[in-house]
A.B. asks: 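Have a look at this one.
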There are 2 protein chains.
Amino acid sequence: MARPRTPVLTAARIADAAMELIDSGKPFGVNALARALSVQPSSLYNHLDGRRAIIELVRGRLVERYMSDIPEELPWDEAVELLVRSERRMYTEHPHIVPLIVTETVTDAAAIASYDHMAGVLLRGGFPEEEVLVLIQLLDAFALGSGLDFAAPEDVWEPTTPTLHLARLLALQPSGKTRSDQAFEIGLEMLLTALRARLAAHQATQTDAS
Amino acid sequence: MARPRTPVLTAARIADAAMELIDSGKPFGVNALARALSVQPSSLYNHLDGRRAIIELVRGRLVERYMSDIPEELPWDEAVELLVRSERRMYTEHPHIVPLIVTETVTDAAAIASYDHMAGVLLRGGFPEEEVLVLIQLLDAFALGSGLDFAAPEDVWEPTTPTLHLARLLALQPSGKTRSDQAFEIGLEMLLTALRARLAAHQATQTDAS
DNA sequence: ACCTGAACACCGTTCAAGT
DNA sequence: ACCTGAACACCGTTCAAGT
């Protein structure tokens, strides 16, 4: 015991086990993760800087898997659509990651690169510099919210008192995942429409000024 | 000791202390809350059903404070704007509640009533029934995201590797809260534009069909 | 009815000790 | 360098005991 001749753990092995634990839906934690790896919690600290670092590592792995291989030469709006669809797919296929990352600062290199990519797309599209981060955040919040909804579509609202509309609308929905998919399509269409309209307005005022 | 002649706790007293603890920015928890009330953690269970119930109660208090007194007779788009602005103000003035409620199912009666109100507004505006919940969720996610951003505007992205655009765009932003305000205004304008366009499209196809 | 206090099964993190 | 094991200061929840 103590130090093994060949190391038991690596950051990669920890990340794999963390993703497995998260995807299983069981509560994620450093201790639970250590148990899954048949190791003491303290051992993990030789490879990673605690809970937040582990979550950030998992985020990075997912981003690499889902957000790479986006073609470079697309028109801006097609690129935006593809990026948002990829991000949403990432969350729907790994829904339990969502509550873990929404409150964490993004530091992982791959994740930063992905947002950087989106920034490039919007800048090349012609959006003003001051506005790009705002738009990224809007699109990101939409993808995240859509992922949360997909993860627990029945559990967003649970009326216990009589309602004028809400309970009826909830009952009227096609159940669960397919509703969430429809919601995503409607939201995405609206956001893309709004983006195109906004860009057109910018370009009109630019033309006026010249 | 044991049972006091006049009760020390009530749900209202617990809710007040919980809001104070949350607003202070210190980590929220049942034990920490009990300490603030000079009481044993187990005592709280005589009045409330644990951590989630406490959070839900605080949500309800905030919704009552910020989302009531919305005039009934406004045009749908003005009502939507007012509701989203009120919700966002709720989160900016109590930012530490946001991470606590994003992952909780909405059960509080006042909160449900507020979403029900929004449903009524959109239905009277002429949006189709199947779409109303989707739109509410989109607007809600926007208000929540905007609140999260306001709570920690510097901490959303923290690039540690070189970026093509992101680091520059971050540095270029007016700092903190005012940027978050601008972001909110842009996003709200885009969403309202998109809603109006969508409603117009619906009404056009309805006219076609008749 | 409403509080205490002990108990349980957890957390995340630090650090000395061991090889 | 990399693991164990003990320790610390926490969690949320249950339940018997007391008035």
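Below, read A as the first sequence line, B as the second, and so on, with proteins coming before strands; counting in each chain starts at 1.
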A.B. asks: Let's see if you get this right: which residues in residues 7-38 of chain A place a heavy atom under 4.0 Å from DNA chain D?
C.D. replies: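 Contacting residues: A:Pro7, A:Val8, A:Leu9.
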A.B. asks: Between the side chain of A:Ser24 and the main-chain N/O of A:Leu21, is any donor-acceptor distance below 3.5 Å?
C.D. replies: yes
A.B. asks: Can you find a pair of side-chain heavy atoms, one from A:Leu37 and one from A:Arg13, that are under 4.5 Å apart?
C.D. replies: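 They are in contact (side-chain heavy atoms under 4.5 Å apart), so the answer is yes.
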A.B. asks: Looking only at the aromatic ring of each residue, does the gap between the centers of B:His94 and B:Tyr66 stay below 6.0 angstrom?
C.D. replies: yes
A.B. asks: Under a 3.5 Å cutoff on both atom distances, Watson-Crick or G-U, what's the dot-bracket for DNA chain C ([ ] crossing, | other strand)?
C.D. replies: ||.|||||...|||||.||
A.B. asks: Any side-chain heavy atom of B:Leu123 sitting closer than 4.5 Å to one from B:Trp76?
C.D. replies: no
A.B. asks: Verify the ring-centre separation between A:Phe184 and A:Phe142: is it less than 6.0 angstrom?
C.D. replies: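 That pair passes the under 6.0 Å test.
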A.B. asks: Output yes when A:Glu104 and A:Arg59 qualify as a salt bridge under the 4.0 Å nitrogen-oxygen rule, no when they do not.
C.D. replies: no
A.B. asks: Expressed as a whole number of Å, how far does the C1' atom of C:dC10 sit from that of D:dC8?
C.D. replies: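 My reading of the C1' atoms in C:dC10 and D:dC8 gives 15 Å.
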A.B. asks: Are A:Arg88 and A:Arg85 close enough that some pair of their side-chain heavy atoms sits under 4.5 Å apart?
C.D. replies: no
A.B. asks: Are there over 12 heavy-atom neighbours, none belonging to A:Asn46, within less than 6.0 Å of that residue's CG?
C.D. replies: yes
A.B. asks: Do any side-chain nitrogens or oxygens of B:Gln40 fall under 4.0 Å of OP1 or OP2 in C:dG5?
C.D. replies: yes
A.B. asks: Taking only heavy atoms on the protein side, list every residue of residues 41-58 of chain B lying under 4.0 Å from any atom of DNA chain C, sorted numerically.
C.D. replies: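 Nucleic-acid contacts, sorted: B:Ser42, B:Ser43, B:Asn46, B:His47.
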A.B. asks: Donor-acceptor pair, B:Glu158 side chain versus A:Thr105 backbone, under 3.5 Å?
C.D. replies: no
A.B. asks: Do A:Arg51 and A:Leu100 come close enough that some side-chain heavy atom pair is under 4.5 Å?
C.D. replies: yes
A.B. asks: Measure the distance from CG on A:Leu100 to P on C:dC11 and round it to the nearest whole Å.
C.D. replies: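 After rounding, the reported distance stands at 14 Å.
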